[in-house]
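First up is the structure itself, then whatever we jot down about it.
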There are 2 protein chains.
Amino acid sequence: MGLESYQIEKVESVTMADIVEKRLLDYFKKNAFKPGDAIPKELELAEALQVSRNVVREALSRLKMLGMIESKKKRGMVLSEPDIFGGFERVLDPLILEQQTLQDLFELRMVLEMGLADLIFRRKTDDDVAELERIVQKSINQNKASFKVKHEIAFHGKLYAMTGNTTIMRFQNLLLPIFEYVVSEEEKLYGIPPISDVGHGDLVEIIKNGTPQEFKEAMRIHLSPHFDRLS
Amino acid sequence: MGLESYQIEKVESVTMADIVEKRLLDYFKKNAFKPGDAIPKELELAEALQVSRNVVREALSRLKMLGMIESKKKRGMVLSEPDIFGGFERVLDPLILEQQTLQDLFELRMVLEMGLADLIFRRKTDDDVAELERIVQKSINQNKASFKVKHEIAFHGKLYAMTGNTTIMRFQNLLLPIFEYVVSEEEKLYGIPPISDVGHGDLVEIIKNGTPQEFKEAMRIHLSPHFDRLS
DNA sequence: TTAATACTTATGTAGAACATATAAACAAAT
DNA sequence: ATTTGTTTATATGTTCTACATAAGTATTAA
């Protein structure tokens, strides 16, 4: 009988820095700290938490990485609006993420893309449509692989931009390298996917004169070469 | 003329820990480190980078927070599969995020919800549908607000679960408190939104016997009370 | 009043010391 | 011979002290 049948759970050592980090987060939430609020000095925290200044600094360093805290000499530290995807960005490396996670993120981006329709139609402007047409126009008679990738990014990036939602846009920008990685891995395994029946030109036409419903269906077909490869 | 017209950018002091953190990340990527690989000892890193062990530890502490590094006494440190949303989770507090970011995240969750259709239809099982029906059944004749919220979470949570995508599921779970916060804030401003023409029962019926296209449209209508409030 | 100066303070960095867990090697016991 | 106990070396965890550095504050000089 293997050890795993005993369901022994691995003891993971919790360090002081872990505890202090959590205490600080709880402290901020409990006291409804807002960006701009000053927080206690390192030595005061160390004294209050009964740990060395070093441990406090390790915990603070973590929060600084997330943009949650800013510090200046003499002036002390203030809470600040964190970079919501800061931690996400650092961790998003195809080489260190599990295959399943990469696959999940690949799907996540496709789900996003399918769900954009209503936001796009709600907020599109004539200028947006004109730029989309320009992007599509530029891609005609271009066959180099490197250009195609750039064009893909420009076109779909513009779609995200049209939502007017900078958070979604940032999110998709972060997911992009993952998407490309998964696509290239798939191509190694299964070859170049068939070209979709619906191209960028068709999508633009629908944005111009069609309905969200038509767009959703068109986008599904546009993505279907990828979609059909999902398990 | 105000200072802002000079486009002076705020000098933000870059600390050694910031630099070392970046160097470490670059080092891992450049050398194609994979989870399980051992990384140099603290003292070696300090020596190589010509900084104190203290600074190295602050940088390492950050990566440990993201789950990117695990350390054990004597055994040293190994790279590990990071928690992809770990940093995100810590930062997701309605009180410290800007109103616009909250709004963006609110929309992001709606976009996700609209995009789920194809994954759900691709992977649904009879058991899934049965459970959805059970959830809907339980909600009949329940009118307490607290129950309604729980029911909402259970129903939509099940929809996410049916995608079989644990990353998407985790993501939506993290977004949930934000969603609830924004909804409650909106209710304070504009009152309770009108009840949608499409309820959970209708959605289940479509999942059972309908098409992804019908589901998308139904979900749009289901969410329209929220959607119509978007600027 | 203004400007130059010194003082104070909180963060940033360095280095040493010790605590603690544990891998590895070795010795003892069954 | 395999297991069990003991020793030892070592890498991380924690604390302490000291000093550097930037930036408010108070003081002084013009």
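Naming convention: chains lettered A, B, ... in sequence-line order (proteins, then strands); numbering from 1 in each chain.
Within 6.0 Å of the CD atom in A/E187, the count of heavy atoms belonging to other residues, nucleotides or ligands exceeds 12.
The closest side-chain heavy-atom distance from A/I69 to A/P82 is not below 4.5 Å.
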### Task
Produce a footprint string for nucleotides 9-18 of chain D: one letter per nucleotide, 5' end first; B if the base is under 4.0 Å from any protein heavy atom, S if only the sugar-phosphate is, - if neither.
BBBBBBBB-B
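Using cut-offs of 30° and 60° for the angle between ring planes, the B/H200 and B/F155 rings count as parallel. Using cut-offs of 30° and 60° on the angle between ring planes, the pair B/H156 and B/H222 is parallel.
With respect to A/F88, the ring pair (Phe, Tyr, Trp, His ring centres under 6.0 Å) criterion is satisfied by exactly one of B/F171, B/F85, B/F88: B/F85.
Recorded end-axis angle for the helix from C/dT1-D/dA30 to C/dT30-D/dA1 stands at 10°, based on five pairs per end and rounded to 10 degrees.
Between A/P225 and A/P193 the shortest heavy-atom distance is CB-CB, 4.0 Å.
The backbone N or O of B/M65 sits less than 3.5 Å from a side-chain atom of B/R90, completing a donor-acceptor pair.
The distance from atom CD1 of B/I19 to atom P of C/dG12 is 13 Å, rounded to the nearest whole Å.
Evaluation of the side chain to side chain donor-acceptor pair (under 3.5 Å) test over residues 116-128 of chain A, restricted to residues two or more places apart or in two chains, returns A/D118-A/K216, A/R123-B/E107, A/T125-A/D128, A/D128-A/K158.
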